[in-house]
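The structure appears right after this line, and notes come after that.
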Number of protein chains: 2
Amino acid sequence: MSEPATGEPPRAPEDGRVTLVQVAKLAGVSPTTVSHVLSGKRWVAESTQETVRDAIRQLGYRPNNVARSLRTRQSKMVAVVVPDITNPFYAVLTRGLADAVDGSGYGTYVCNTDGNPDRENSFLADVVDRGVDGVVMASGEVTGGVGPGGLGVPAVRIGGDPDNDPHVDLVAPDDQFGSHAAVRHLVERGRRRIAMIEGPHASGFGRETGYRQALAESGIPVDPDLLIRGDWTRPGGRKAMHALMALPSRPDAVFCANDLSAIGAIDAAHELGLGVPADVSIVGFDDVDAATIVNPPLTTVRNPAYETGYAAGELLLSRVNGGYAGDGRTVVLPCLLVVRQSA
Amino acid sequence: MSEPATGEPPRAPEDGRVTLVQVAKLAGVSPTTVSHVLSGKRWVAESTQETVRDAIRQLGYRPNNVARSLRTRQSKMVAVVVPDITNPFYAVLTRGLADAVDGSGYGTYVCNTDGNPDRENSFLADVVDRGVDGVVMASGEVTGGVGPGGLGVPAVRIGGDPDNDPHVDLVAPDDQFGSHAAVRHLVERGRRRIAMIEGPHASGFGRETGYRQALAESGIPVDPDLLIRGDWTRPGGRKAMHALMALPSRPDAVFCANDLSAIGAIDAAHELGLGVPADVSIVGFDDVDAATIVNPPLTTVRNPAYETGYAAGELLLSRVNGGYAGDGRTVVLPCLLVVRQSA
DNA sequence: ACCAGTATGCCAAACGATTTGCATGCGGGT
DNA sequence: ACCCGCATGCAAATCGTTTGGCATACTGGT
């Protein structure tokens with residue numbers, strides 16, 4: 001919101017919009033002066049200000065932001081590109097971002113890529129063509145930063161590999177810590193054959209690392225059969241769980257890389273007549289709303305989606321307005337285990 | 001996406017972006033010509049086109065959309081103003097809208113109002129100042145349409161009172177039909193004391209009307225004590241349910257105006273040791289994802305959020321590109337009961 | 001009278017595209 | 001020779017702001 005709340009719906013007096021020159025004409029001053037009373041960038045006599053403001057009110061003038069953007073080279077807009085806004089995690093992240101930047105008059109533009117790299121790139125191109133002042137990339141990676149050969153606008157990556165591009169700001173959950181806590185909790189509960197349902201990509205970092213680390217600490221060897229790939233969705237989790245349970249020697253616990261997968265896994269357990277957590281413990285990752293709705297309530301690692309979006313917004317603002325132009329910063333947000341009843 | 005997918009991330013060759021004049025200079029033609037080969041609005045000799053395209057490639061030129069918008073007076077952006085993108089219903093609606101307009105090169109801009117009328121109005125002002133080509137208003141009402149005294153851009157309202165402003169396009173779920181079906185289903189199951197948890201506003205239309213109608217048809221008088229106000233949230237539903245169950249003569253069924261409230265009601269039932277649907281039947285409205293996750297799975301009315309957003313997008317496009325300039329159209333989308341296990 | 005200093009406002013050039021009308025060159029019909 | 005029509009391409013105005021540099025007027029000190 002770049003203008004203060006009025007409590008009244010905006011109205012255009014006629015069909016064509018009023019321009020600054022018309023205001024100037026009515027007020028009997030030059031456009032320059034009108035601009036200055038609006039921006040306050042140069043001193044204008046009190047009396048003149050009055051006249052101008054009257055004219056503005058009388059005409060119902062509203063500045064044309066497109067023209068303004070063209071001249072000032074900033075659009076007061078940030079973009080967030082996510083796989084799917086329908087996914088609660090990204091919805092919450094988006095809200096955090098919006099709340100962070102709204103106060104400074106920035107609007108939020110959303111792109112859904114479905115995780116398709118072609119769409120990621122064309123949306124990235126699209127948003128910089130649209131002149132956004134910053135972009136937060138929560139789908140796929142972005143490299144090159146803002147420097148030469150880069151995107152041309154400040155960017156911040158969400159999650160992903162910290163080493164990927166040190167020039168781009170990054171905000172990431174402490175995946176490894178969270179996973180570690182989750183798996184540790186499982187072994188503390190006496191589980192030994194602990195499977196993991198991963199995301200679709202091969203990934204040596206983050207969630208899988210924490211899993212391996214916790215296992216190693218407990219002297220449990222990792223069984224490659226117990227590492228299975230999901231696709232972040234509920235049906236994907238269900239399928240993976242069925243595969244796991246068809247194994248000659250079943251796991252007695254499964255750690256899922258996100259909640260949706262975990263919910264799918266619970267579906268599968270129910271279908272198989274397995275008790276959760278009696279027969280098999282399940283823990284998720286993210287702590288979406290649904291985690292408290294599913295039966296049994298899901299033990300999961302809280303992924304601070306809102307805070308992530310908010311932090312990304314602040315990082316962006318500090319580059320756009322704060323004058324920060326240094327190298328890429330990394331902020332990692334804590335992920336705490338929340339124990340409910342599924343494990 | 002206004003440019004086709006490239007499969008490659010966009011890069012700027014130098015720090016400052018390349019402009020059309022630079023391309024023209026390199027190609028040895030006038031800016032006019034470059035513009036024409038880009039837009040195809042006027043014929044340009046094949047050989048010249050080649051030269052120009054080469055220059056474009058060589059420089060990595062990308063058109064500046066802000067400048068383009070200023071001149072053409074369209075931003076290729078639509079805005080959607082919702083109470084909260086975090087609410088799955090609005091997230092899905094937003095996705096439908098985005099999918100509808102994306103193919104025509106329109107981007108989607110999101111505003112969260114939290115239902116605050118001041119924010120609604122200032123966001124409305126903000127988006128028209130930003131020059132969006134259309135806005136879909138899913139939070140509160142918008143009146144005045146695009147005509148004199150109106151907003152200045154095409155708008156479509158989501159839900160709300162059909163009679164409110166006939167000049168503005170409206171897409172609404174068939175609330176009344178859906179509610180009617182839900183309540184009928186309840187009486188068919190033998191329920192007679194059927195409560196309703198409403199939204200926060202007094203509302204004579206839609207969901208409540210269907211409720212009353214179904215009751216009337218079945219010869220059941222409406223008991224004002226059984227009509228209680230919620231706030232669309234889970235805690236709100238829980239509280240309302242507790243109030244209902246504290247009544248001297250308890251309801252044996254409750255129809256909730258949305259799923260979140262229904263889930264809260266189920267929470268309350270569990271807290272009270274009540275079986276669902278054994279002791280009390282519960283039906284919701286919306287059919288969000290969580291409806292299949294809750295225990296027992298929620299019987300609810302499917303509110304076609306995606307289709308609603310999509311339809312809104314089409315309505316907008318038909319005004320922006322399709323040349324439609326007639327009076328407000330109304331499209332009402334069917335709401336079907338989906339029977340699961342809570343009633 | 002003169003000059004420095006301050007207060008106030010205007011001119012005109014950007015910003016980067018689109019678009020209307022005109023200019024030019026050429027081929028062919030009379 | 002002359003004129004018409006067609007195919008091309010360009011000049012210049014325009015969209016609505018912002019902003020650096022300059023002009024003007026007035027104050028007060030000498």
Side-chain angles (χ1 to χ4, degrees), chain A residues 2-3 12 14-53 55-56 59-76 105 128-131 133 152, chain B residues 2-3 12 14-53 55-56 59-76 105 128-131 133 152:
Chain A
S2 56
E3 307 296 326
E14 300 151 41
D15 200 60
R17 284 192 66 164
V18 181
T19 77
L20 179 146
V21 268
Q22 302 181 31
V23 172
K25 213 158 287 179
L26 176 60
V29 300
S30 79
T32 307
T33 304
V34 179
S35 176
H36 284 144
V37 354
L38 247 19
S39 69
K41 287 201 175 142
R42 264 213 235 199
W43 194 243
V44 173
E46 201 54 57
S47 61
T48 317
Q49 293 204 30
E50 265 320 307
T51 320
V52 170
R53 272 188 233 289
I56 287 180
L59 260 33
Y61 168 72
R62 316 227 75 208
N64 178 330
N65 257 307
V66 177
R68 179 176 290 178
S69 292
L70 176 58
R71 180 64 226 235
T72 62
R73 305 158 149 289
Q74 47 171 324
S75 59
K76 291 274 184 181
V128 339
D129 289 350
R130 285 192 136 86
D133 295 339
Chain B
S2 56
E3 306 298 326
E14 301 150 40
D15 201 60
R17 284 192 65 167
V18 181
T19 77
L20 179 145
V21 268
Q22 302 181 32
V23 173
K25 213 158 285 178
L26 176 59
V29 300
S30 80
T32 309
T33 303
V34 178
S35 176
H36 284 144
V37 354
L38 246 21
S39 69
K41 286 201 175 142
R42 222 128 122 161
W43 194 243
V44 173
E46 201 53 59
S47 60
T48 318
Q49 292 205 28
E50 265 321 305
T51 320
V52 170
R53 273 188 232 288
I56 287 180
L59 259 34
Y61 168 72
R62 316 228 75 209
N64 179 329
N65 257 306
V66 178
R68 179 175 289 178
S69 292
L70 177 57
R71 180 64 229 239
T72 62
R73 305 157 152 290
Q74 49 170 324
S75 58
K76 290 273 182 181
V128 339
D129 289 350
R130 284 193 139 85
D133 295 339

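Reminder, nothing fancy here: chain letters follow the sequence lines and each chain counts from 1. Since the model is a prediction, treat every value here as computed from it, not as a measurement.
Under the 4.5 Å side-chain criterion, counting only non-hydrogen atoms from C-beta, Val37(A) is not in contact with Thr48(A).
Take the nearest nucleotide of DNA chain D for Thr33(A) and for Val29(B): the residue whose nucleotide is more 5' is Val29(B). Along DNA chain C, the nucleotide closest to Thr72(B) and the one closest to Arg42(B) are compared, and the more 5′ of them pairs with Thr72(B). In this structure, Ser39(B) and Ala67(B) both approach DNA chain C, and ranking their closest nucleotides by distance from the 5' end singles out Ala67(B). Each of Ala45(B) and Val34(A) has a nearest nucleotide on DNA chain D; the 5'-most of these lies closest to Ala45(B).
The shortest distance between the side-chain N/O atoms of Thr19(A) and the OP1/OP2 oxygens of dG16(D) is not below 4.0 Å. The phosphate of dT18(C) has neither OP1 nor OP2 within less than 4.0 Å of any side-chain N or O from Lys41(B). Within the 4.0 Å cut-off from OP1 or OP2 of dA11(D), not a single side-chain nitrogen or oxygen of Thr32(B) is found. Distances shorter than 4.0 Å separate some side-chain N or O of Arg73(B) from OP1 or OP2 on dG16(D). For Arg68(A), a side-chain nitrogen or oxygen approaches OP1 or OP2 of dT18(D) to under 4.0 Å. OP1 and OP2 of dA17(C) both lie 4.0 Å or more from every side-chain N or O belonging to Ser35(B). Within the structure, a side-chain polar atom (N or O) of Trp43(A) is placed less than 4.0 Å from OP1 or OP2 of dT8(C).
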Between Arg17(A) and Val128(B), does a side chain to side chain contact (heavy atoms under 4.5 Å, CB included) hold up when you go through it step by step?
-> CA-CA 11 Å; Arg17(A) 284 192 66 164; Val128(B) 339; 3.4 Å; yes

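For His36(A), the listed nucleotide lying nearest its side chain is dT19(D); candidates were dG16(D), dT19(D), dT8(D).
Taking CZ of Arg53(A) as the reference point, atom CG of Leu38(A) lies at 8.0 Å (rounded to 0.5 Å). From Asn64(B), atom CG reaches atom CZ of Arg130(A) across 12.0 Å, with rounding to the nearest 0.5 Å.
Residue Arg71(B) places a side-chain atom within donor-acceptor reach of the base of dT18(C), judged by atom type and a 3.5 Å distance cut-off alone. With hydrogens and angles ignored, no donor-acceptor pair closer than 3.5 Å exists between the side chain of Arg62(B) and the base of dG16(C).
The backbone N or O of Arg68(A) sits less than 3.5 Å from a side-chain atom of Thr72(A), completing a donor-acceptor pair.
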